[in-house]
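Just below is one structure, and these are the notes that go with it.
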Amino acid sequence: NVTLHLLYLRFTYSVGKRVKMEELEENMKLLLDCLHYQQDSISSQKQALTTIAAMCRNHGTLCDQFRTIGGLKYVMQLLLETKSPELQIAAMYTLGCSCEQNMVSQRVLCEQDVFTFLRGLLILDSNKGVKLTAAYFATCLMNGNVAGQNLARELGVLESLIVLYKQLHPGGNKLQKSEDDVSLTEDAKLFIGISSALCTAANNPQNELNQNLCSWILPAALSIFAPTTPFQINFIRSA
């Protein structure tokens, strides 16, 4: 049973059980097969993606194998085609984990179509989880990568991040309209994710053109350190 096997794998990596590399590589192939053959089950695909992400994070050498057996391209295609927010989040998180510490995989994923797609999610999608994971994926693509930083600027991802930063700023209009605890926590997490992406775009490595764009939000960024309303203070605490 594929689902039971997925649950077993998920349990194995969640408890940190030691597994031989040969078994890990075989499991990676099985998980990719699951993505191929369980296309009618979003829950099974999500479980498979979550397990792949954990494997890539815990065993860096598996990122190369995942790429070699076609995993990167398949998950990217899945991301571009699915309409399910849950699957979009799982796919972007998996791709981020697979390239976060792997320069080769990072270069493979640094394509115009990828950044154009991320820009669309950041601008149009109302799901905060999707936006947060899109920001994380963009951060992974730009981290230590000038080509990724430049694509983010040229294809509007950086501009979209700046717009979101302004909207989510503790003094912004959008946040003042949603002061309940749940919305506040979600907005705070998203604000942190957006801020991290902007820092990576401008300074890791240093990118003068991106810094010039980000300088427009410097006054707003500095104002966070001197909150003047209870709402702003609660927002910062919730982060």
- prompt: Under the ring-ring contact (aromatic ring centres under 6.0 Å, His included) rule, what pairs show up with a residue in residues 111-130, not counting sequence neighbours?
  reply: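 Non-adjacent pairs meeting ring-ring contact (aromatic ring centres under 6.0 Å, His included): zero.
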
task: Provide the full list of ring-ring contact (aromatic ring centres under 6.0 Å, His included) pairs with a residue in residues 60-95, sequence neighbours left out, each pair given once.
output: H36-Y74, Y93-Y136

[Y] side chain reached by [X] side chain, heavy atoms, under 4.5 Å:
X: L141; Y: C99; answer: yes
X: I52; Y: L35; answer: yes
X: C199; Y: T139; answer: no
X: R119; Y: L122; answer: no
X: M55; Y: L31; answer: yes
X: K29; Y: E26; answer: yes

Expected output: side-chain [X] to main-chain [Y] donor-acceptor under 3.5 Å:
X: Q149; Y: G144; value: no
X: S195; Y: F191; value: yes
X: S160; Y: G156; value: yes
X: S215; Y: N212; value: yes

Which heavy atom of [X] sits nearest to which heavy atom of [Y], and what is that distance?
X: G96; Y: C140; value: O-SG, 3.5 Å
X: C97; Y: C63; value: O-SG, 4.1 Å
X: L132; Y: G193; value: CD1-CA, 3.9 Å
X: G129; Y: I89; value: C-CD1, 3.6 Å
X: L198; Y: C214; value: CD2-SG, 4.1 Å

field: Pairs where residues 103-112 contributes a residue and the test side chain to side chain donor-acceptor pair (under 3.5 Å) is met, not counting sequence neighbours
entry: R67-S105, N102-S105

Identify, with sequence neighbours excluded, every residue that meets side-chain contact (heavy atoms from CB on, under 4.5 Å) alongside [X].
X: E159; value: none
X: I42; value: S84, L87
X: E25; value: M21, L62, Q65
X: A138; value: L118, M142, V157

When clusters are formed by joining ILVMFWY residues with side-chain heavy atoms under 4.5 Å apart, either directly or through shared neighbours, do [X] and [Y] land in the same one?
X: V146; Y: L209; result: no
X: V163; Y: V130; result: no
X: M28; Y: Y37; result: no

- prompt: Atom CG in L49, atom CG in L32: separation rounded to 0.5 Å?
  reply: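 Answer for the CG-CG pair, L49 versus L32, is 9.5 Å.
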
query: Roughly how far, to the nearest 0.5 Å, is CZ of F137 from CG of L121?
result: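 Nearest 0.5 Å value for the CG-CZ distance: 10.5 Å.
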
- line: N203 meets the side chain to side chain donor-acceptor pair (under 3.5 Å) criterion, sequence neighbours left out, with Q211

task: List for me each residue that meets side chain to side chain donor-acceptor pair (under 3.5 Å) alongside R153, sequence neighbours excluded, and say none if there are none.
output: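 Scan of R153 (side chain to side chain donor-acceptor pair (under 3.5 Å), adjacent residues dropped) gives N150, N210.
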
statement: Students should find that the hydrophobic cluster of L124, defined by side-chain heavy atoms under 4.5 Å apart, otherwise consists of I123

field: salt bridge (charged side-chain N to carboxylate O under 4.0 Å, His left out) pairs, two or more places apart, involving residues 77-97
entry: K46-E86

